[in-house]
Amino acid sequence: MSKALPTRSENYSEWYNELVKRADLAENSAVRGCMVIKPYGYSIWEKMQRALDDMFKETGHSNAYFPLFIPKSFLSKEASHVEGFAKECAVVTHYRLKNDPDGKGVIVDPDAKLEEELIVRPTSETVIWSTYKNWIQSYRDLPLLINQWANVVRWEMRTRLFLRTTEFLWQEGHTAHATSAEAIAETEQMLEIYAQFAEEWMALPVVKGVKTANERFAGAVNTYCIEALMQDGKALQAGTSHYLGQNFANAFDVKFQDKDGKLEYVWGTSWGVSTRLMGALIMAHSDDAGLVLPPKLAPIQVVIVPIYKNEEQLNLISEKVKEISKELKKLGISVKFDNSDAYKPGYKFAEYELKGVPVRLAMGARDLENGTVEVARRDTKTKETVSLEGIAEFIQSLLDNIQESIYNKALAFRKENTTKVDSFEEFNKVLDSKGGFILAHWDGTSETEEKIKEETKATIRCIPLDQVKESGVCIYSGKPSAGRVVFARAY
């Protein structure tokens with residue numbers, strides 16, 4: 001094994017970066033700001049995709065695919081949208097290369113300039129709504145419930161694996177409806193799906209809320225979000241769902257004939273989560289020894305390591321392991337039997353601990369004689385000797401317990417690190433000494449929000465959906481406030 005990871009308390013950022021690389025999740029690519037997601041990391045993303053895709057389809061959504069390139073003129077049609085993304089766009093200006101006359105490789109052919117530049121998609125609202133104009137004529141065509149799994153490009157100057165890269169993977173849902181009420185219901189439904197996925201699959205407690213006008217998605221009437229708290233006390237936006245009103249329908253002239261024969265603009269939504277969820281998964285649960293993965297998202301849920309002195313012992317242990325593996329697989333549990341002779345058991349234990357495998361079984365000759373196996377759980381690092389009789393059911397129950405335990409630990413951390421404050425002095429003190437979610441009164445103005453952000457680097461993460469109406473005064477301006485909002489420094 002290589003040297004130990006940096007600890008979270010010493011250098012949280014370095015701990016995160018090293019863990020992503022050493023656990024074989026991802027690495028920086030030859031293209032600045034982009035990443036290579038390695039097989040182990042991609043298998044976690046695949047499990048996320050599968051679970052979310054099933055949830056989308058259960059609610060009537062279908063998958064489609066739209067172009068990577070967007071005509072520049074499309075982005076000009078919705079003013080706030082182009083303003084929000086203009087500084088992040090990668091632009092294609094030419095369509096051909098040619099050999100450099102000086103013999104120094106290839107150059108852009110100046111005669112191959114595009115008549116209209118193409119934008120590499122930062123998000124797909126514009127190209128999708130231009131398509132919806134052809135798909136929607138009547139109320140019978142609605143609702144239109146489409147999702148796509150894709151990559152997007154947003155030019156970033158400072159990048160970090162999974163959390164902020166120039167290119168990343170995501171899903172983006174885009175729906176069209178006959179009424180405002182239906183579109184709002186869709187927006188709220190998708191927020192609930194994201195919250196359910198975060199809590200039930202990622203074991204990640206989230207706060208559901210609405211973004212302020214300053215933090216709203218460019219082109220949306222309202223943005224709903226889920227916010228999670230990482231172990232360093234910073235917030236991470238884990239998913240967003242946008243009510244678009246008729247903004248994009250107006251921009252792209254998407255109308256439908258209602259039941260009375262009248263032409264009306266449709267109402268829209270968009271919603272998405274990205275590979276940023278991988279960063280959230282790592283930072284919310286992992287420790288100084290490596291990843292801690294919730295069993296539902298672990299590529300390997302159980303690893304079995306044999307401990308033997310000779311080939312005869314290994315063969316006997318292998319026969320028993322085949323039986324155990326077969327029983328576990330029948331219950332839908334993923335198992336790996338690591339009988340390779342390249343490394344000793346101690347090395348393997350450390351490697352699977354680093355990779356966050358939820359349960360490790362170790363079996364030696366004595367275990368075989370006694371009809372037992374050593375069971376170690378990754379989250380608590382506790383070990384116990386367990387009878388082989390009924391082992392599959394025991395492991396299944398243990399995995400459920402680990403999933404719940406990881407969630408409860410994260411929830412307890414969030415509760416400990418959520419603080420109510422009533423003055424700006426107290427706000428600054430908590431922000432610098434403790435961090436976490438800060439519940440404070442705000443006067444509702446963008447001006448105050450901006451001043452707090454400038455002075456503290458803390459933002460309003462959301463106005464909670466379950467906000468308690470409570471009269472108070474804004475911590476910054478002293479003006480009246482009707483309730484507390486969630487502040488934090490964030491990724």
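Source: prediction; values computed, not measured.
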Give the C-alpha distance, both sets of side-chain angles, the deciding distance and a yes or no for side chain to side chain contact (heavy atoms under 4.5 Å, CB included) between Y352 and K348. CA-CA 6 Å; Y352 292 116; K348 293 177 183 179; 4.1 Å; yes

Between the side chains of [X] and [Y], does any donor sit under 3.5 Å from an acceptor?
X: T7; Y: D288; answer: no
X: D443; Y: S481; answer: no
X: E186; Y: Q189; answer: yes
X: T175; Y: T269; answer: yes

Roughly how far, to the nearest 0.5 Å, is [atom2] of [Y] from [atom1] of [X]?
X: L145; Y: H174; atom1: CG; atom2: NE2; answer: 13.0 Å
X: F74; Y: I70; atom1: CZ; atom2: CD1; answer: 8.5 Å
X: K336; Y: L361; atom1: NZ; atom2: CG; answer: 14.0 Å

How would you list, by chain and number, every residue that makes a ring-ring contact (aromatic ring centres under 6.0 Å, His included) with [X], sequence neighbours excluded?
X: W271; result: F56, H61
X: Y407; result: none
X: Y476; result: F424

Please check if the distance between the ring centroids of F427 and F487 is under 6.0 Å.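 They qualify: ring centres under 6.0 Å apart.
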
May I ask you to check whether Y224 and Y194 place their ring centres under 6.0 Å from each other? no

Lys/Arg N to Asp/Glu carboxylate O, [X] vs [Y], below 4.0 Å:
X: K355; Y: D24; answer: yes
X: K409; Y: D287; answer: no
X: K296; Y: D400; answer: no
X: K57; Y: D53; answer: yes
X: D232; Y: R8; answer: no

Quick one: does any side-chain atom of [X] pair with a main-chain N or O of [Y] as donor and acceptor, under 3.5 Å?
X: Q148; Y: F66; result: yes
X: T448; Y: G444; result: no
X: W129; Y: Y132; result: no
X: K77; Y: T126; result: no

Taking the six-membered ring of Y491, is the NZ or CZ of K234 close enough (under 6.0 Å from the centre) and on axis enough (within 45°)?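 That pair qualifies as a cation-pi contact.
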
For F349, does the six-membered ring have the charged nitrogen or CZ of R360 within the cation-pi criterion, i.e. under 6.0 angstrom from the centroid and within 45° of the normal?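 Relative to the ring axis of F349, which defines the angle, R360 lies inside both limits.
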
List the steps and the verdict of side chain to side chain donor-acceptor pair (under 3.5 Å) for D338 and Y343. CA-CA 10 Å; D338 189 346; Y343 299 104; over 6 Å; no

Taking only residues at least two apart or on different chains, which pairs with a member in [range] satisfy salt bridge (charged side-chain N to carboxylate O under 4.0 Å, His left out)?
range: residues 453-469; answer: E227-R461
range: residues 416-430; answer: D422-R484
range: residues 187-199; answer: E192-K208
range: residues 150-163; answer: E156-R164

CA sep, side-chain torsions, deciding dist, call: Q49, E46, side chain to side chain donor-acceptor pair (under 3.5 Å): CA-CA 5 Å; Q49 276 186 303; E46 282 181 314; over 6 Å; no

Show, in sequence, the C-alpha distance, side-chain angles and deciding distance for V302 and V357, and conclude whether the side chain to side chain contact (heavy atoms under 4.5 Å, CB included) test is met. CA-CA 7 Å; V302 178; V357 177; 5.8 Å; no

Contacts of [X] that satisfy side chain to side chain donor-acceptor pair (under 3.5 Å) - sequence neighbours left out:
X: N147; result: N63, Q171
X: E450; result: N214
X: T123; result: E125

Using residues 79-90 as the side-chain source, report each donor-acceptor pair under 3.5 Å to any protein atom, sequence neighbours left out, with the distance given to one decimal.
| residue | atom | partner | partner atom | Å |
| --- | --- | --- | --- | --- |
| S80 | OG | E78 | OE1 | 2.8 |
| S80 | OG | G219 | N | 3.3 |
| H81 | ND1 | A218 | O | 3.0 |

Steps toward side chain to side chain donor-acceptor pair (under 3.5 Å) verdict (H285, Q231): CA-CA 8 Å; H285 304 311; Q231 290 180 75; over 6 Å; no

Which residues pass the side-chain contact (heavy atoms from CB on, under 4.5 Å) test with P67, sequence neighbours left out?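 For P67, the residues satisfying side-chain contact (heavy atoms from CB on, under 4.5 Å) (neighbours in sequence not counted) are V127.
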
Carefully, step by step, assess T223 and T240 under the rule side chain to side chain donor-acceptor pair (under 3.5 Å). CA-CA 7 Å; T223 290; T240 51; over 6 Å; no

Test side chain to side chain contact (heavy atoms under 4.5 Å, CB included) applied to I282 and L277, L163, L25, L293, the passing residue: L25

